[in-house]
Peer 1: 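This is the structure I want to talk about, given as structure tokens.
One is the number of the first residue; the rest follow in order along the sequence.
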Amino acid sequence: MEYDGILLGMGNPLLDISAVVDQDFLNKYEIKPNNAILAEDKHLPMYDEMAAKPTVEYIAGGATQNSIRVAQWMLPFPGATSYMGSVGKDKFGEEMKKNAQDAGVNVHYYEDETAPTGTCAVCVLDGERSLVANLSAANCYKVDHLKRPENWALVEKAKFYYIAGFFLTVSPESIQLVAEHAAANNKIFSMNLSAPFICEFFRDPQEKALPYMDFVFGNETEARTFSKVHGWEADNVEEIALKISQWPKASGHKRITVITQGADPVVVAEDGKVKLFPVIPLPKEKLVDTNGAGDAFVGGFLSQLVQEKPIAECVRAGCYASNVIIQRSGCTYPEKPDFA
């Protein structure tokens, strides 16, 4: 099988500004623990405040880019992954490109000349992360960039696609183009619920893309929000996963829903049935931060999916990858995976 460029991701490339904060900091900026939101004007001063902290770290991030980097790390094939998104023409954009290329990902960024590279404040308190994304240049992605021959060639080469729900806020048109290409060419298209606010405020573009999704990823909070938004009486994650998997399809593949629940088992719904897969237990003292845990799970999962491994093996790889990432700061990993 040809693995070159087999997996393509599209999303919002963000430079993570990660630092340990206290409860007063969260209160000051009205940030809920373990949440993900878009920055408002009131949040803008926090980036400088975090940059001044002695514990601050800068890590190439953005949900989809994290997943693609982890997938590439887990894959024994160089050049198996590609990624598109928008950065600014600045040092953060250059840093991100270098970081991604060092990880073995073939990045084709759109470089916006009007806005700086997007950043994400990763506020870590007691190992739990709260994310505040200032999209900036990431918000400027244009479908014209996707349609350029050298970029559309990446779409045609790939057989698997992954896009986090966050990209629905930026370029739903690009998502539809890729989704329709996947359906027409019998390829696998997957997305993530990504955050409660996506399910609440970007319901229309999410519903438009949903029939094309062969895999839907998410966590228990996002699944419950999705259920509530759609007027389902369900609060049980297994029941919600099943209902999402049975949403009408636009392509010939069945849909598989995969919902993570932190330390609780992973829920997988397919063919009208639900299976639970235990995660790898981790003592609390080994938890460094949960930033990137969900992204890493998806990356690990996709690394086996593109090799056409069984779903149980995909979940096992996802659990392995997220277990590695939560024991480190940010979405980072050792040089080589230890996944047998």
Side-chain angles (χ1 to χ4, degrees), residues 13-27 29 31-37 46-47 49-74 95-96 99-100 102-103 119-133 164 192 194-195 217-222 260-266 277-301 303 315-339:
L14 302 172
L15 194 70
D16 282 355
I17 302 173
S18 178
V20 174
V21 301
D22 54 23
Q23 188 60 49
D24 289 345
F25 184 92
L26 296 187
N27 295 346
Y29 290 107
I31 299 166
K32 289 183 193 152
N34 216 7
N35 198 7
I37 58 170
M46 69 186 281
Y47 294 88
E49 196 176 329
M50 288 182 71
K53 288 186 181 291
T55 57
V56 71
E57 289 181 277
Y58 296 94
I59 302 157
T64 306
Q65 188 165 239
N66 283 342
S67 296
I68 296 297
R69 279 172 46 235
V70 170
Q72 182 61 63
W73 172 66
M74 295 274 293
E95 178 66 30
M96 189 115 68
N99 207 301
D102 287 350
T119 48
C120 182
V122 181
C123 312
V124 182
L125 177 63
D126 299 332
E128 297 291 341
R129 58 83 178 131
S130 299
L131 308 177
V132 185
N192 203 310
S194 288
F217 297 96
N219 67 27
E220 74 278 35
T221 315
E222 295 150 9
T260 58
Q261 309 186 88
D264 292 328
V266 178
F277 296 87
V279 301
I280 304 164
L282 185 75
K284 184 84 171 120
E285 63 274 12
K286 283 196 166 178
L287 175 71
V288 175
D289 85 56
T290 56
N291 181 33
D295 303 336
F297 175 87
V298 174
F301 189 103
S303 75
V315 174
R316 190 171 78 84
C319 292
Y320 163 78
S322 57
N323 182 264
V324 168
I325 264 79
I326 61 176
Q327 296 183 65
R328 300 166 69 91
S329 180
C331 193
T332 61
Y333 38 74
E335 192 184 339
K336 290 267 183 286
D338 177 25
F339 179 73

Peer 1: Can you find a pair of side-chain heavy atoms, one from T290 and one from E128, that are under 4.5 Å apart?
Peer 2: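 Yes, their side chains come closer than 4.5 Å.
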Peer 1: How about N323 and L282: do any of their side-chain heavy atoms sit closer than 4.5 Å?
Peer 2: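 Contact flag for N323/L282 side chains = yes.
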Peer 1: Please tell me if the side chains of V20 and K53 come closer than 4.5 Å, counting only heavy atoms from C-beta onward.
Peer 2: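 SC-SC contact between V20 and K53 ruled out.
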Peer 1: Using every non-hydrogen atom in the two residues, find where M50 and S18 come nearest and quote the distance to one decimal.
Peer 2: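 Scanning both residues, the minimum pair turns out to be CE-C, 4.4 Å.
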Peer 1: Taking CG in N34 as the centre, count heavy atoms belonging to other residues, nucleotides or ligands within less than 6.0 Å. Is the count above 12?
Peer 2: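 Enclosed.
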Peer 1: Taking atom CZ of F217 and atom CZ of F297, what is their separation to the nearest 0.5 Å?
Peer 2: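 If I round to the nearest 0.5 Å, the distance is 7.0 Å.
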Peer 1: Find the distance between SG (C331) and CD1 (I325) and round it off to the nearest 0.5 Å.
Peer 2: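 Going from the SG atom of C331 to the CD1 atom of I325 covers 4.5 Å.
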Peer 1: Look up atom SG in C120 and atom CD1 in I59, then write down how far apart they are to the nearest 0.5 Å.
Peer 2: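 Atom-to-atom, C120:SG and I59:CD1 are 11.0 Å apart.
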Peer 1: Determine whether M46 and V21 make a side-chain contact, defined as any pair of heavy atoms from C-beta on separated by less than 4.5 Å.
Peer 2: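 M46 does not reach V21 side chain to side chain.
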Peer 1: Over all heavy atoms of both residues, which pair between S130 and P33 is shortest? Give the atoms and the distance, please.
Peer 2: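 Smallest interatomic distance, heavy atoms only, reads OG-CA, 3.3 Å.
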Peer 1: Sub-3.5 Å donor-acceptor pair from the side chain of W73 to the main-chain atoms of T332, do we have one?
Peer 2: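 Flag not set: sc W73 to bb T332 has no pair under 3.5 Å.
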Peer 1: Once rounded to the nearest 0.5 Å, what's the spacing between atom OH of Y58 and atom OG1 of T119?
Peer 2: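 Those atoms lie 9.5 Å apart.
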Peer 1: What is the distance from atom OG of S303 to atom CZ of F339, rounded to the nearest 0.5 Å?
Peer 2: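 If I round to the nearest 0.5 Å, the distance is 6.5 Å.
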Peer 1: Do you know which of T260, N192, V266 makes side-chain contact (heavy atoms from CB on, under 4.5 Å) with N219?
Peer 2: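 Going through the options one by one, the only one that passes is T260.
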Peer 1: On a heavy-atom basis, which atom in V279 and which in A263 lie closest, and how many Å separate them?
Peer 2: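 Shortest heavy-atom separation between V279 and A263 comes out as CG2-O, 3.2 Å.
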Peer 1: Within a strict 4.5 Å, meaning less than it, do heavy atoms of the C319 and F277 side chains meet?
Peer 2: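 C319 does not reach F277 side chain to side chain.
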Peer 1: Within the side chain of S322, is there an N or O that forms a donor-acceptor pair under 3.5 Å with the backbone of G294?
Peer 2: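 Looks like no, no N/O pair under 3.5 Å.
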Peer 1: Check whether any side-chain heavy atom of Y29 lies under 4.5 Å from a side-chain heavy atom of V132, and answer yes or no.
Peer 2: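 Sidechains of V132 and Y29: no contact.
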Peer 1: For A19 and V56, which heavy atoms make the closest approach, and how far apart are they?
Peer 2: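 Looking at all heavy atoms of both residues, the shortest contact is CB-CA, 4.2 Å.
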Peer 1: Please give me the minimum heavy-atom distance between A164 and T64, naming the atom from each residue.
Peer 2: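 What the structure gives for the nearest pair is N-OG1, 3.0 Å.
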Peer 1: So, does Q65 use its side chain to make a donor-acceptor pair with the main chain of G61 at under 3.5 Å?
Peer 2: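 At least one qualifying donor-acceptor pair exists.
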Peer 1: Going by the side-chain hydrogen bond (donor to acceptor under 3.5 Å, both in side chains) test, which pairs reach into residues 277-286, not counting sequence neighbours?
Peer 2: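 For residues 277-286: none.
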Peer 1: Using every non-hydrogen atom in the two residues, find where G300 and A317 come nearest and quote the distance to one decimal.
Peer 2: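 Looking at all heavy atoms of both residues, the shortest contact is O-CB, 3.3 Å.
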Peer 1: With sequence neighbours left out, write down each residue that passes salt bridge (charged side-chain N to carboxylate O under 4.0 Å, His left out) with D338, or none if nothing qualifies.
Peer 2: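 Partners of D338 under the salt bridge (charged side-chain N to carboxylate O under 4.0 Å, His left out) test: none.
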Peer 1: Give, for atom CE of M74 and atom OH of Y333, the distance between the pair rounded to the nearest 0.5 Å.
Peer 2: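 The distance works out to 11.5 Å.
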